[in-house]
Undergrad: 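Here's a structure for you.
Counting begins at 1 with the first residue of the sequence. All values derive from a computational prediction rather than experimental measurement.
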Amino acid sequence: MAKTIKVLSGGGFVEQSVTSDTLGNLRTELGIGEGAVVSINSMNITDNNHAISEGDVIAAVQNDKTGGLL
């Protein structure tokens with residue numbers, strides 16, 4: 001089932017519809033590398049089994065860069 005989340009893109013968060021239920025699936029769906037640090041609702045998450053819920057706010061950063069990957 002699709003859900004709407006907000007994903008960091010450029011200088012802000014944009015709404016995006018995704019079908020992923022877990023962070024691991026979201027990494028695949030959005031092309032987020034395994035080395036990226038992912039924040040969900042302002043908390044860094046390392047567990048790829050972490051559930052993705054409607055309305056989550058997600059940011060992914062790799063190699064100590066600022067800004068989003070998407």
Undergrad: For Asp21, give me all partners under side-chain contact (heavy atoms from CB on, under 4.5 Å), at least two apart in sequence or on another chain.
TA: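 With neighbours one apart ignored, the set is Lys3.
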Undergrad: With sequence neighbours excluded, tell me which residues meet side chain to side chain donor-acceptor pair (under 3.5 Å) with Glu54.
TA: none
Undergrad: Could you tell me whether a side-chain N or O of Ser53 sits under 3.5 Å from a main-chain N or O of Asp56, the two making a donor and an acceptor?
TA: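 No, because the side chain of Ser53 does not come within donor-acceptor range (under 3.5 Å) of the backbone of Asp56.
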Undergrad: List the atom of Ala60, the atom of Ile32, and the distance in Å for their closest heavy-atom pair.
TA: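 Reported closest heavy-atom pair: CB-CG2, 3.9 Å.
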Undergrad: Between Asn41 and Val57, is there a donor-acceptor pair closer than 3.5 Å when you use the side chain of the first and the backbone of the second?
TA: yes
Undergrad: Apply the test side-chain contact (heavy atoms from CB on, under 4.5 Å) to residues Thr19 and Glu29: give CA-CA distance (whole Å), side-chain angles for both, the deciding distance (0.1 Å), then the verdict.
TA: CA-CA 8 Å; Thr19 58; Glu29 183 174 348; 3.4 Å; yes
Undergrad: I would like to know whether Glu15 and Thr4 meet side-chain hydrogen bond (donor to acceptor under 3.5 Å, both in side chains); could you show each step before the answer?
TA: CA-CA 6 Å; Glu15 287 189 352; Thr4 301; 5.6 Å; no
Undergrad: What is the minimum heavy-atom distance between Ser9 and Val14, and which atoms define it?
TA: CB-CG2, 3.9 Å
Undergrad: Measure the NE2-CD1 distance between His50 and Ile45 for me, rounded to the nearest 0.5 Å.
TA: 4.0 Å
Undergrad: With Leu26 as reference, evaluate Asn48, Val7, Ile52 under the side chain to side chain contact (heavy atoms under 4.5 Å, CB included) test and give the passing residue.
TA: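 Only match with Leu26 under side chain to side chain contact (heavy atoms under 4.5 Å, CB included): Ile52.
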Undergrad: By side chain to side chain donor-acceptor pair (under 3.5 Å), which residues pair with Thr28, not counting sequence neighbours?
TA: none
Undergrad: Quick one, Arg27 with Val38, criterion side-chain contact (heavy atoms from CB on, under 4.5 Å). Give me CA distance, side-chain angles, the key distance, then yes/no.
TA: CA-CA 9 Å; Arg27 284 182 182 276; Val38 178; 3.6 Å; yes
Undergrad: Same hydrophobic cluster for Leu23 and Met43, using side-chain heavy-atom links shorter than 4.5 Å among ILVMFWY?
TA: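 Linked, Leu23 and Met43 end up in one cluster.
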Undergrad: Please report the interatomic distance CD1(Ile58) to OG(Ser20), rounded to the nearest 0.5 Å.
TA: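 Interatomic distance, Ile58 CD1 to Ser20 OG, rounded to 0.5 Å: 8.5 Å.
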